[in-house]
Protein chains: 2
Amino acid sequence: MTVTIRDVARASGVHVSTVSRTFSAPHMVNAATRSRVLTVAEELGYRPNRAARALTTGRTHNLGLIVADIANPFFPPLIKAAHAAARQRDYHLFVADTDEEPAAEEELIQAFSKQVDGVVLCSPRSSNKVLERLAERVPFVVINRRLRGAATVLMDVGHGARLAVEHLAGLGHRRVALVTGPAGSWTSDEIRTAAEQVPGVELVVIGPNPPTERGGFGAAERVRESGATGVLAYNDLVAIGLIEGLGDLGLEVPGDVSVVGIDDIVPGRLNRPKLTTVAMPTAAAGRLAVDLLIQEVAATTSLETRLVVRDSTAAPR
Amino acid sequence: MTVTIRDVARASGVHVSTVSRTFSAPHMVNAATRSRVLTVAEELGYRPNRAARALTTGRTHNLGLIVADIANPFFPPLIKAAHAAARQRDYHLFVADTDEEPAAEEELIQAFSKQVDGVVLCSPRSSNKVLERLAERVPFVVINRRLRGAATVLMDVGHGARLAVEHLAGLGHRRVALVTGPAGSWTSDEIRTAAEQVPGVELVVIGPNPPTERGGFGAAERVRESGATGVLAYNDLVAIGLIEGLGDLGLEVPGDVSVVGIDDIVPGRLNRPKLTTVAMPTAAAGRLAVDLLIQEVAATTSLETRLVVRDSTAAPR
DNA sequence: AGGTTTAGTGCAACTGTTTGCAGTCTTGAA
DNA sequence: TTCAAGACTGCAAACAGTTGCACTAAACCT
């Protein structure tokens, strides 16, 4: 049988409320009593039941984290950091995967609402209207999306994209292709408008493309036709696929064309050539998101991105 | 304020117990009453409070999943599959990361114990003694480890390793190096004993090595010295690092030496050359583990591994 | 017609904690 | 010495459900 607060109370000769307080408000109980209760609790192997506690306090000490696809290499570092931040304050973390389905997103938030103190929603696919309604049921923080009434954590891709194009320009590339992501993607737009602002380079836009390796692979032909010597890809997966596609076309990277990705996922670091990329602070975002949630502040924060130069970029022939 | 079972009861003119039953034992309530209660509940936006339910029933409908490192590419597919399996039966999943620390493992299980109906423990680092004691507090299923009294899901690396070495032998390699993992690793031993059983190849063991890219990189020199033309690496990360190290030494893969990895992680699929590897059924393992947990069966299952031949292996020069 | 089952519902106790209120006992100050 | 203020601690009512038991009424059998 599980040992409860009553067992501890009986065994240490005090009332249950005293036992309760030694755990949830230690300063309210006499030092001697407290230590006696604690040792008895230790002996009996007592651990407070969080569900019961949640019932009265309304706080569960649980958080929810919803991502589009756990297996997409972009997310694990974010999940890991969020988990670490949560544990640090003694919170537990539900992790959920929507499989890119907006409906699952809504469903999950509903299901979580009674069971968590807040949820962090990563790159949500649902409409603003839906999210705003949901935000009334449970506190939110949204990563990578602006949402009225919710705390948001943004990563400044625009800045990174500009750095990337400037890097290419600095190497001497005059014509650079932008291999975009899916139509209507907020990120894709950010990248594009930022890239367009760099003087001295002619930008040719190739897209929309699926945000995957296959998407990049499929764009290789058009990149060659464009005559661009430098490429900024929607993300690392696209960049890696593109490099492979270019290889099949007989084009070397970075010899014939330079390509830079965005995200800085692990496969990019391991790939050959090692990918030059815009590092997204996913870990920082995950950590910050849970901090905002726990402290219940409704700020909207923007995180810096930076350029990581590796081996997939060089001066043009 | 949140709407409770009592609100629904009042609004539909029945007792709370009837409302309770329409949700937890629908067959016990008259069809007409049931539908009335349901529509009222819908109107009011009622959702059962799982924490409260857990208090009386003792079942939380939550599961815990503990892995060594969320950001290690080996785990995300497993986590994703476990999550999907859990959702399918309306369970939620806590995910936790031990950062490779055995102490964190124990701590997490303790913390979970009151809050979940079971936990799946992936490649645990704790001692059997500790785990067996913990198994009394909460049902377990362990992946990748034999443990008395707990359901276990094993992946048959040995079989895969044999296939890999046979593949190399079939290509004509007579001398193959085994780049092992950390000393005392169960997996490492499995691989070795299986590899030794393949006739017609001379096996040279190189190790122990850290189970990382750097570990593989560092072993390149010794691989060259060994004179082996084929290599089986402890895992894909090691294989990838090794390929890079060999490259730095002027050795081409698969031209000069063939290498096969183990795990089939995403970076291996994306790498150039694409990695020949032993595919571990991590997704199946995750799914199976939660199924075992939910059905409370204490079986010990073994999952098949298979060889995926890609571009990092070829006949020797 | 009378007895027995059965379906449906209500009652109230219980799950493990928290917490506002009230009581007791010291302690310090006037 | 008296009174007020603390410091502890106990009491009991929540929190949101579930469930064994009892009760009623209808249906079913002889």
Side-chain angles (χ1 to χ4, degrees), chain A residues 1-38 40-41 44-62 90 110-117 137-138, chain B residues 1-38 40-41 44-62 90 110-117 137-138:
Chain A
M1 292 276 72
T2 121
V3 24
T4 80
I5 210 176
R6 274 168 244 274
D7 301 322
V8 179
R10 199 172 317 121
S12 48
V14 298
H15 193 262
V16 294
S17 56
T18 302
V19 179
S20 171
R21 281 191 267 259
T22 75
F23 286 98
S24 51
H27 61 277
M28 297 187 87
V29 18
N30 181 289
T33 321
R34 190 196 319 154
S35 74
R36 180 156 40 95
V37 170
L38 283 176
V40 170
L44 266 48
Y46 167 76
R47 316 223 95 194
N49 181 325
R50 284 177 164 220
R53 176 179 294 180
L55 202 53
T56 45
T57 61
R59 327 214 68 236
T60 61
H61 257 240
N62 290 149
D90 197 28
Q110 295 268 14
F112 276 166
S113 64
K114 287 291 194 332
Q115 213 160 174
V116 302
D117 295 340
R137 291 185 147 264
V138 54
Chain B
M1 291 278 75
T2 121
V3 22
T4 80
I5 211 178
R6 277 166 239 275
D7 301 321
V8 178
R10 200 173 315 120
S12 48
V14 299
H15 194 262
V16 295
S17 55
T18 302
V19 178
S20 171
R21 282 190 267 257
T22 78
F23 287 96
S24 52
H27 62 277
M28 298 188 85
V29 18
N30 180 288
T33 321
R34 190 197 316 153
S35 74
R36 180 156 42 94
V37 170
L38 284 176
V40 170
L44 266 46
Y46 168 75
R47 315 222 96 195
N49 181 325
R50 288 180 159 215
R53 176 179 293 178
L55 200 53
T56 45
T57 61
R59 326 214 70 234
T60 61
H61 256 239
N62 290 149
D90 197 29
Q110 297 267 15
F112 276 166
S113 64
K114 287 291 193 330
Q115 213 161 173
V116 302
D117 296 339
R137 293 185 146 263
V138 55

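Note that the structure is a prediction, hence the values are computed from the model and not measured. Computed over heavy atoms, backbone and side chain alike; hydrogens, waters and symmetry mates excluded. Lettering follows sequence order; numbering is per chain, from 1.
A/Val116 places a side-chain heavy atom less than 4.5 Å from the side chain of A/Val138. Using a 4.5 Å heavy-atom threshold, the side chains of B/Val16 and B/Ser20 count as separate.
Heavy atoms of A/Ser17 sit under 4.0 angstrom from at least one base atom. Note on B/Ser24: only backbone sugar-phosphate atoms sit closer than 4.0 angstrom, heavy atoms only; bases stay farther off. Residue-level contact check: B/Arg21 touches the bases, meaning some heavy atom is under 4.0 Å from a base atom. Backbone-only contact: B/Thr4 has heavy atoms under 4.0 Å from sugar-phosphate atoms and none from a base. B/Val19 comes within 4.0 angstrom of nothing in the nucleic acid, heavy atoms only. No contact: B/Arg34 has no heavy atom under 4.0 Å from any strand.
Separating the CZ atom of A/Arg36 from the C1' atom of D/dC8 is a distance of 12 Å, rounded to the nearest angstrom. What separates CD1 of A/Ile5 from P of D/dG10 is a distance of 12 Å, to the nearest Å. Summarising the geometry, the separation between CE on A/Met28 and P on D/dT9 is reported as 11 Å, rounded to the nearest angstrom. Residue A/Arg59 contributes atom CZ, which lies 18 Å from atom P of D/dC15 at whole-angstrom precision. C/dT24 atom C1' lies 14 Å from atom CG of A/Asn30, rounded to whole Å. Across the protein-nucleic acid pair, B/His61 atom NE2 and D/dG17 atom C1' stand 14 Å apart, rounded to whole Å. Rounding to whole angstrom units, CZ of residue A/Arg6 and P of C/dT17 are separated by 8 Å. When the P atom of C/dG16 is taken as reference, atom CD of B/Gln115 falls 15 Å away, rounded to whole Å.
At least one side-chain nitrogen or oxygen of A/Thr33 sits closer than 4.0 Å to the OP1 or OP2 atom of D/dT9. Taking only side-chain nitrogens and oxygens, B/Thr56 never comes nearer than 4.0 Å to OP1 or OP2 of D/dG17. Considering only side-chain N and O atoms, A/Thr18 lies nowhere under 4.0 angstrom from the phosphate OP1 or OP2 of D/dT9.
A distance of 10.0 Å separates CZ in B/Arg21 from NE2 in B/His27, rounded to the nearest 0.5 Å.
Set against C/dT17, D/dA16, C/dG10, the side chain of B/His15 has C/dG10 as its closest nucleotide. Listed nucleotides D/dG17, C/dG16, C/dT9 differ in distance to B/Leu55; the shortest reach to its side chain belongs to C/dG16. For A/Thr57, counting side-chain heavy atoms from C-beta on, the closest listed nucleotide (C/dT9, D/dA16, C/dT18) is C/dT18.
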* What's the verdict on side-chain contact (heavy atoms from CB on, under 4.5 Å) for B/Arg50 and B/Asp90, showing C-alpha distance, side-chain angles and the deciding distance? -> CA-CA 12 Å; B/Arg50 288 180 159 215; B/Asp90 197 29; 2.9 Å; yes
* To do: Any chance you could lay out the side-chain contact (heavy atoms from CB on, under 4.5 Å) test for B/Arg53 and B/His61, step after step, and finish with the verdict?
  => CA-CA 10 Å; B/Arg53 176 179 293 178; B/His61 256 239; over 6 Å; no
